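One structure is given below, encoded as structure tokens.
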Protein chains: 2
Amino acid sequence: MEHTVAGCRAREILDRIGDKWSLQVIAVLGERTKRFTELKREIDGISQRMLTVTLRGLERDGIATRTVYPVVPPRVEYSLTPMGATLMDAASTLVVWAERHLEEIDAARTDYDARQNDVRDEDGRR
Amino acid sequence: MEHTVAGCRAREILDRIGDKWSLQVIAVLGERTKRFTELKREIDGISQRMLTVTLRGLERDGIATRTVYPVVPPRVEYSLTPMGATLMDAASTLVVWAERHLEEIDAARTDYDARQNDVRDEDGRR
DNA sequence: CGGCATCCCCTCGGATACTG
DNA sequence: CAGTATCCGAGGGGATGCCG
């Protein structure tokens, strides 16, 4: 069988890291173990709620661990599991691709959009 | 700076291939140039609308091309651009990772869910 | 500090019907 | 054959407020 890419199963990881925040959380956690507030501070624009939701998902999937220290004030630390680290490596391939091609993609978009406008102009604007 | 993984820009590719269908379309197109109906037939469960929407997106980003042959009945062919092919390669890293770890993830989930139920049992079910 | 609960909007995507 | 147009429900995710 062996599809080189993206049979039905491939969607399942995208369901996990393809959401708005997972990959960024994984990336930041990849640096080292971090506390909740650290993560929140370092991931620009994430809400408290979504950070919690995302972390729970990663924890559930065995990608991150959550360690609670029973002190006051509460101290909770998150880190990647070994599997999480391998996921980060795998994802980095895509990230590298992104960095290499984002300009090209932006150019393609601009081009495409411009051509769409041309077409709309030709047949008399509505 | 050089984040190894997933700075802000990484999200941008996930916005492109992280949706429900893009990766599968890319994968099928990776085999060879295909017609609209072929794609629809080979991608299980995709609706006509979402195939169109997805293809438009890929075309706009310079990942796929659309070629119309002015004949009746209409004949439209889609294929990957060179850039699209490199994206497929990059994505395959993740797919391989997925295949290798899906079982482990499923196990982690089952575990996690079981532990959640235990906790809820302990403090008197509501 | 590190959450959970609630409200609510908005986008994604499915179903269906119509066209060149 | 290869679309476009419209409607609609589900859920992702932001804002806010309360809690141990």
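Below, chains carry the letters A, B, ... as their sequence lines are ordered, and counting in each starts from 1. What you see is a predicted model, and the numbers here were worked out from it, not measured in a lab.
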task: Without swapping roles, check the side chain of B/Thr81 against the backbone of B/Gly84 for a donor-acceptor pair under 3.5 Å.
output: yes
query: Salt bridge or not for A/Arg109 and A/Asp113, using N-O below 4.0 Å?
result: no
message: Measure CD1/A/Ile43 against C1'/D/dG14 and give the value in whole Å, please.
response: 16 Å
- prompt: Within this structure, what is the CZ-to-C1' distance between B/Arg16 and C/dC12, rounded to whole angstrom?
  reply: 17 Å
field: Closest listed nucleotide, where the reference is the side chain of A/Pro74 and the choices are D/dG13, D/dG20, C/dG13
entry: D/dG20
message: Looking at A/Ser79 and A/Thr65, would you say the former's side chain and the latter's main chain have a donor-acceptor pair under 3.5 Å?
response: no
message: Is it the case that the side chain of A/Lys40 and the backbone of A/Leu51 share a donor-acceptor pair, with hydrogens and angles ignored and the cut-off at 3.5 Å?
response: no
- prompt: With distance as the sole test, does A/Ser92 use its side chain to make a donor-acceptor pair with the main-chain N or O of A/Val95 at under 3.5 Å?
  reply: no
query: Looking at A/Tyr78, does any N or O in its side chain come under 4.0 Å of the phosphate oxygens OP1/OP2 on C/dG3?
result: yes
message: Any carboxylate oxygen within less than 4.0 angstrom of a Lys/Arg side-chain nitrogen, looking at A/Arg75 and A/Glu77?
response: yes
- request: Identify which nucleotide among D/dC1, D/dG3, C/dG3 has an atom closest to any side-chain atom of A/Arg66, counting heavy atoms from C-beta outward.
  value: C/dG3
task: Could you tell me the separation between the CD atom of A/Glu77 and the C1' atom of C/dC1, rounded to a whole number of Å?
output: 13 Å
Near-strand residues of residues 51-64 of chain A, defined as heavy-atom separation under 4.0 angstrom from DNA chain C: A/Thr52, A/Arg56
message: Salt bridge or not between B/Arg32 and B/Glu38? Use side-chain N to carboxylate O under 4.0 Å.
response: yes
query: Expressed in angstrom and rounded to an integer, what is the separation of B/Leu39 atom CG from D/dG3 atom P?
result: 10 Å
Between the protein and nucleotides 14-17 of chain C, which nitrogen or oxygen pairs are less than 3.5 angstrom apart?
unit_1, atom_1, unit_2, atom_2, d
C/dG14, OP1, B/Lys20, NZ, 2.6
C/dG14, OP2, B/Trp21, NE1, 3.4
C/dG14, O6, B/Arg49, NE, 3.3

Gap between atoms NZ and C1', on B/Lys34 and D/dA2 respectively (whole Å): 17 Å
task: Rounded to the nearest angstrom, tell me the gap between atom CG in A/Asp19 and atom P in C/dT11.
output: 18 Å
Interatomic distance, A/Tyr69 OH vs D/dG20 P [rounded to whole Å]: 25 Å
message: With a 3.5 Å distance limit and no angle check, can you tell me whether A/Asp19 reaches the backbone of A/Trp21 through a side-chain donor-acceptor pair?
response: yes
Side-chain donor or acceptor of A/Thr54 paired with backbone N/O of A/Ser22 under 3.5 Å: no
- line: Quick note, A/Phe36 side chain, CB onward, closest among D/dG3, C/dG3, D/dC1 is C/dG3
